[in-house]
Amino acid sequence: MNKTHQIWLLILSVCLATVSANAQSFRVQCPTSTITHPVAANNNSEPAYSGPTYTGTSGYPAPANVNGAIKCQQISGGDGFATMGDGTQTYMFSFGPLSGLADIANGQPGTEPPSIFNSVYPGRLMPGDPATTVDALGLGRFTYNGAVGLAPDLDCIADNAAVAAANALLPPGVPPQPLPCPNLPANGLDGHVDPRQIEDIGVMNGNIPAPLMAFDEDDEFFLTLTNVGMIMRPDLFEQHTVHFHGYPNASSFYDGVPDASVAINIGGSFTYYYLAPDAGTYFWHCHITPPEHLQMGMVGQLYVRPRQNRVPPTTTLYSALQTQQMDLRTACPRGSDTAHSDILCSNSLPALPTSATGGFSSGVATKKYAYNDGDGSTYYDVEYPLQIHGFDPSFHFVGMTFNPEEFADMKDKYFLLNGRSYPDTVTTGPLETQTTDGANHFSQPLPSIITIQSGQKALLRISDLDVTEYQTLASLGIPMHVIGYNAKLLRDQAGNNLDYYTNSITLAGGESLDVILDATGYTAGQVFYLYTPNLDHLSNDAENFGGLMTEVRIN
């Protein structure tokens, strides 16, 4: 056999090996640049808002003004346990974090820019991380927020090197063969993952609420769902999806409703793509048999920050909102422009201009707003997402042992704020639960205690994700200023603010409210209660013992 034939056999064997090596199910995706965000170095932080991204209707070429950044997150679909207020461990079908582990354990969103997401853990993650590492080394030692399992694609690196070496031996005039992995970055990170690490962290990793997500208007968001299976129910071949409830998706392909999109099988991954829409408070859940999977815990919180946070201090909020009307994706015209009026738009200009200015300077938002209000009326200092949910322990026990569940008899006994009943709602830091793998997991990472500095304002992003009940929350002593409903600013088309003050709000399942608590005039040390006046919902499986209640503390 001559040398040329040997080279061609080498190339053929490398290509076949590549096909075999890449035939895996778990993948993750977080591009460093896109058509909308073409410069990779600029996509890891939010730029100042200088003008509309797109003003025409001819599609999406490279934009004139690049707004927003790229954000990524990875989650697992599986099962787990949570500890209720009376100490009972309750089984869940649930989502868990596979990125942003340290941030989620600290009560923050797990949504990360590419520079953080596309980082490899310097060692080996252990089952239960970060709870395992925090327990062993002390709180605050675990800082990794990258994608779990992400690793250099050694097969592609080796295959590219082999083909490059073979090409170097080709006689003059013979065209070189293409590389098996032509788009492989220099660091070898192309979405390849170590499945062992995915399983070590993703199994029994369920959270209630599901991992918190937060990004900014104009961001491009890449969310990877990896279905690791349910260890307690190996007889169930449950698919999972992600549905952003009430959220205007770019395509039904990413909507998560399996009839019109895709569902992810056990052992598979899928990356959803979202272009951030209007600011506001949304939520997300699995859309496979929703009454079952929502009751079992597959539901989480999501909010979108407004462009107004990125308005420079030299620009008035009113003029910035006028400029936004040229971006047809989120325009909210009024007056004589009836041809483009939209009764559903959420950022119409206020009736009267104000002199309020932005506060974005040197990449930092010194002023924060819930919406693009144009007048500063939705300003706040600190924010707290609050997810209302309820668990029926009998339904969860049946879900752990056999099917079908008795949907008609579903009756919640545990009433939860961010997955906890009082007094656990005011416990700081994540709550741990030991599961059947013998490791502790941060099953309930998000506390509900509300802390406000005297003279400041707190934004409560309240969503009711209960399957069976209406829920009421009351605040006595410090009134609730309601500014948004279902991710829409409370304002009519004429620009009149429709916000109101109340001491009690009531939500149905699938609804959200944005509420501001103003601590002006209150003194440090005062404590108020945010609670439900429905006495049977002050329950940890026993009436008048916990349930929907937390504390508002003035510092």
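- Under the 4.5 Å side-chain criterion, counting only non-hydrogen atoms from C-beta, Asp409 is not in contact with Phe407.
- In summary, of the residues considered (Asn145, Asn207, Leu212), a side-chain contact (heavy atoms from CB on, under 4.5 Å) with Ile104 occurs for Asn207 alone.
- Under 4.0 Å is where a charged nitrogen must lie from a carboxylate oxygen, and between Lys413 and Asp392 no such pair does.
- Gln387 is listed as a side-chain neighbour of Ile208, based on a closest heavy-atom distance under 4.5 Å.
- Looking at Tyr485, its side chain never comes within 3.5 Å of a backbone N or O of Asp514 through a donor-acceptor pair.
- Although no hydrogens or angles enter the test, the distance criterion places no donor-acceptor pair under 3.5 Å between the side chain of Thr435 and the main chain of Phe81.
- Asn540 contributes a side-chain N or O that, together with a main-chain N or O of Tyr422, makes up a donor-acceptor pair within less than 3.5 Å.
- Test Tyr273, Tyr254, Tyr274 against Phe222 for ring-ring contact (aromatic ring centres under 6.0 Å, His included) and you get one pass: Tyr273.
- Contact check on Arg310 versus Asp218 returns a salt bridge, with a Lys/Arg side-chain nitrogen under 4.0 Å from an Asp/Glu carboxylate oxygen.
- Under a 3.5 Å cut-off, the side chain of Asn227 and the backbone N or O of Gly229 do form a donor-acceptor pair.
- In this structure, Tyr531 and Leu476 have side chains that are in contact, with non-hydrogen atoms separated by less than 4.5 Å.
- Evaluated for a side-chain hydrogen bond (donor to acceptor under 3.5 Å, both in side chains) with Gln471, the options Asp464, Thr532, Asp466 yield exactly one hit, Asp466.
- When side chains are defined from C-beta on, Leu498 counts as touching Asp492, because their heavy atoms get closer than 4.5 Å.
- Residues Asn503 and Ser475 have side chains that never bring a donor and an acceptor to within less than 3.5 angstrom of each other.
- Thr433 and Ser443 share a donor-acceptor pair across their side chains, judged by distance under 3.5 Å alone.
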Exercise answer: donor-acceptor pairs, residues 445-457 side-chain atoms, under 3.5 Å, sequence neighbours excluded:
from	atom 1	to	atom 2	distance (Å)
Ser448	OG	Leu417	O	3.0
Ser454	OG	Tyr522	O	2.5

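- Side chains of Asp255 and Ser261: a donor-acceptor N/O pair is absent below 3.5 angstrom, by distance only.
- Counting heavy atoms from C-beta outward, Thr226 and Gln74 have side chains that approach closer than 4.5 Å.
- A donor atom on one side chain and an acceptor atom on the other are not found under 3.5 Å apart for Asn534 and Glu469.
- For the residue pair Thr224 / Thr271, a side-chain donor-acceptor distance below 3.5 Å is found, with atom types taken as modelled.
- For Arg553 (side chain) and Gln526 (main-chain N/O), no donor-acceptor pair under 3.5 Å exists by modelled atom type.
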Item to complete: Decide yes or no on salt bridge (Lys or Arg N to Asp or Glu O under 4.0 Å) for Asp381 and Lys367, but give the supporting numbers first.
Response: CA-CA 8 Å; Asp381 296 288; Lys367 297 179 181 180; over 6 Å; no
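- Put simply, the side chain of His389 gets close to the backbone of Leu294: a donor and an acceptor are under 3.5 Å apart.
- Side chains of His481 and Asp518: a donor-acceptor N/O pair is absent below 3.5 angstrom, by distance only.
- Classification of the Phe253-Phe270 ring pair by plane angle, with boundaries at 30° and 60°, yields perpendicular.
- Of the residues listed (Asp375, Asp499, Asp373), the one engaging Arg491 in a side-chain hydrogen bond (donor to acceptor under 3.5 Å, both in side chains) is Asp375, and it is the only one.
- For the 3.5 Å distance criterion, the side chains of Thr111 and Gln73 qualify, holding a donor opposite an acceptor.
- Between the Thr241 side chain and the His287 main chain, a donor and an acceptor come within less than 3.5 Å of each other.
- In this model, no donor atom of one side chain and acceptor atom of the other lie less than 3.5 Å apart for Asp103 and Gln108.
- Between His293 and Phe93, the ring-plane angle classifies as perpendicular under the 30° and 60° cut-offs.
- For the residue pair His441/Gln434, the side-chain donor-acceptor check at 3.5 Å is not satisfied.
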Item to complete: Tell me, with the steps shown, if Arg461 and Glu383 meet salt bridge (Lys or Arg N to Asp or Glu O under 4.0 Å).
Response: CA-CA 7 Å; Arg461 299 182 179 271; Glu383 65 186 344; 3.0 Å; yes
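- Salt bridge annotation for Arg307-Asp216: absent, with no cationic side-chain nitrogen under 4.0 angstrom from a carboxylate oxygen.
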Practice prompt. Show your working on side chain to side chain contact (heavy atoms under 4.5 Å, CB included) between Gln239 and Ile264 and close with a plain yes or no.
Written response: CA-CA 5 Å; Gln239 297 175 315; Ile264 295 86; over 6 Å; no
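- Side-chain contact, Asn372 with Gln308: no donor N or O sits under 3.5 Å from an acceptor N or O.
- Checking Thr506 against Thr472 by side-chain atom types alone, a donor-acceptor pair falls below 3.5 Å.
- Judged purely by atom type and a 3.5 angstrom limit, Glu292 has no side-chain atom pairing as donor or acceptor with the backbone of Thr289.
- Side-chain contact of Tyr369 with Asn309: a donor-acceptor pair under 3.5 Å is absent, judged by distance alone.
- Within the 4.5 Å cutoff, the side chain of Tyr247 has no heavy atoms near those of the Phe283 side chain.
- The closest side-chain donor-acceptor pair between Tyr414 and Asp86 falls under 3.5 angstrom.
- Between His285 and His245, the ring planes are tilted. Angles from 30° to 60° get that label.
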